[in-house]
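In what follows, chains carry the letters A, B, and so on, assigned in the order in which the sequence lines appear, proteins first and then strands, with residues in each chain numbered from 1. Keep in mind that the numbers below use all heavy atoms, side chains included, and drop hydrogens, waters and symmetry copies.
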2 protein chains.
Amino acid sequence: MNAVIDISKSLKRAREAKGLSQRTLADLSGVPQSHISKIESGGVDLRISSLVEIALALDMELKLVPRKGLSAVNSIIRSTQAKAQSKSMLDVMAKLQRAADQLNTALAGDRGVAQLRSRINELSRISLPPESEGKLKALAKQLQKLITGKTEVSSLQTVLEEVNRLRNEAVHQRDSEPEGRWRSAYSLDGDDDA
Amino acid sequence: MNAVIDISKSLKRAREAKGLSQRTLADLSGVPQSHISKIESGGVDLRISSLVEIALALDMELKLVPRKGLSAVNSIIRSTQAKAQSKSMLDVMAKLQRAADQLNTALAGDRGVAQLRSRINELSRISLPPESEGKLKALAKQLQKLITGKTEVSSLQTVLEEVNRLRNEAVHQRDSEPEGRWRSAYSLDGDDDA
DNA sequence: ATCAATGATCTACAATAATGCATCAAAAAA
DNA sequence: TTTTTTGATGCATTATTGTAGATCATTGAT
């Protein structure tokens, strides 16, 4: 049942994309967490009613698509998801840049901070893969801690290293991947909510 | 479970559009006829695997669509179905016209046949609703019988009355329905298979 | 260090899907 | 007219989902 596995994966991906835990989704959908765990792992052959409730909670809907329309539909699904992803990524990157600016102001004259800010700006001009989003979030969080003085300035070096790592990974993947889907999605500007 | 009912209806509609009986679909899909009957009437809350097998046999696929992409997807589904329908309808109408031509040649000089042919040509210029397709098919079949001499020429009158009935129904529905979805679908020309 | 969150796994039970026949009533075909 | 086809319904049985808890192991946060 490849199609059943595909549906399971779609559900899991959508949940993760929304940053929901299984327990939260359980509350939203009315399907118990233990069952959601089994569903996501492809361990049960779900009934339509259960699928529809979970999908609803994930802002999705179940459709039967004629084969002839399938590629067009797949393309719409992909582009809708990419849009959501790229908006989210842009938000996180903007937050990271703001944090770097704030830190630079707070620790004016610190060469490490200036370097970090410069690197972050550089990073914002590179197309990053969707999986980087979590790491960017973590970096923003760490910068917030530096701004409020909750961590030692010595951790700046760790942050800088992580930024460099992200950059190197993106550059490396860009070299070895075909010209990028996420590049064009990431470069999409504006906010064309329908 | 409105969504579940919608899925059931989609399955039934698709089956009927392909002119399959439940027993034939049962053979194609591996799901027993008695179960298909229950499914189509919304009497069971189907498992994904069963749905996928039936959909496959009906040249359809199950997709999870993000809400933001839904209207675009619905529009593709509708237009794909309308294309299939209009092509099918054009085929049947062409067959009917050919049969009328053949009959006119075979029974040259018969006033009834000439009148019938004229009426059929007139009908082909009217936008007919999708549900007329079955009746058109039946008419074409009857004309074939007249050509081969398998029925009495006296049944010409019955055929003529049916053609008139179809015409009157279409005209009547056109008057009382908003300007037509099926008009534009029917008027689609060409054969733009992707 | 402890506590909280997370996903995975288990249990027992009730409800229901799914299956494979058979049959019926109505409609269609011969 | 009879026969065939069609969709609906019934039956008995098996397998599975779904539920509601509880708990575990791991990870992350404090």
Inset, instruction - Considering just the side-chain nitrogens and oxygens of A:Ser34, establish if one lies under 4.0 Å of OP1 or OP2 belonging to C:dT9. - result: no
Legend entry - Test item: B:Ser8 side-chain N/O and B:Val4 main-chain N/O as donor-acceptor pair under 3.5 Å: yes
Inset, instruction - Remember a base hit wins even if backbone is also touched, and classify B:Gln33 as base, sugar-phosphate or nothing at under 4.0 Å, heavy atoms. - result: base
Legend entry - Main-chain N/O of A:Ser71 paired with A:Ser75 side-chain donor or acceptor, under 3.5 Å: no
Inset, instruction - For B:Ser37, answer base if it contacts any base atom (sugar-phosphate contacts may also be present), sugar-phosphate if it contacts only those atoms, and nothing otherwise; contact means non-hydrogen atoms under 4.0 Å. - result: base
Inset, instruction - Starting at atom CZ of B:Arg23, determine the distance to atom C1' of D:dT5, rounded to an integer number of angstrom. - result: 7 Å
Inset, instruction - Using whole Å, report how far CG of A:Asp27 lies from P of C:dG7. - result: 12 Å
Legend entry - Residue met sooner reading DNA chain C from 5', once B:Pro32 and A:Leu20 are mapped to nucleotides: A:Leu20
Inset, instruction - Would you kindly give the NZ-to-P distance between A:Lys38 and D:dG18, to the nearest whole Å? - result: 9 Å
Legend entry - Spacing between B:Lys12 atom NZ and D:dT6 atom P, to the nearest angstrom: 14 Å
Legend entry - Value in whole Å for how far the P atom of D:dT19 lies from CG of A:Leu46: 10 Å
Legend entry - Pairing of B:Arg125 and B:Glu122 as salt bridge, 4.0 angstrom limit: no
Inset, instruction - Give a yes/no answer on whether the side chain of B:His35 brings an N or O atom under 4.0 Å of OP1 or OP2 in C:dA18. - result: yes
Legend entry - d(CD, A:Glu40; P, D:dT17) in whole Å: 16 Å
Inset, instruction - In whole angstrom, give the distance that lies between atom CZ of B:Arg47 and atom C1' of D:dA15. - result: 7 Å
Inset, instruction - State whether A:Gln22 places a side-chain N or O below 4.0 Å from either non-bridging phosphate oxygen (OP1 or OP2) of C:dA8. - result: yes
Inset, instruction - Going by the side chain to side chain contact (heavy atoms under 4.5 Å, CB included) test, name the single residue among A:Ile39, A:Val31, A:Ile7 that passes it with A:Leu46. - result: A:Ile39
Legend entry - Pair B:Glu16 + B:Arg13, salt bridge at N-O below 4.0 Å: no
Inset, instruction - Verify the contact: side-chain N or O of B:Ser50 to OP1 or OP2 of C:dA18, cut-off strictly under 4.0 Å; return yes or no. - result: yes
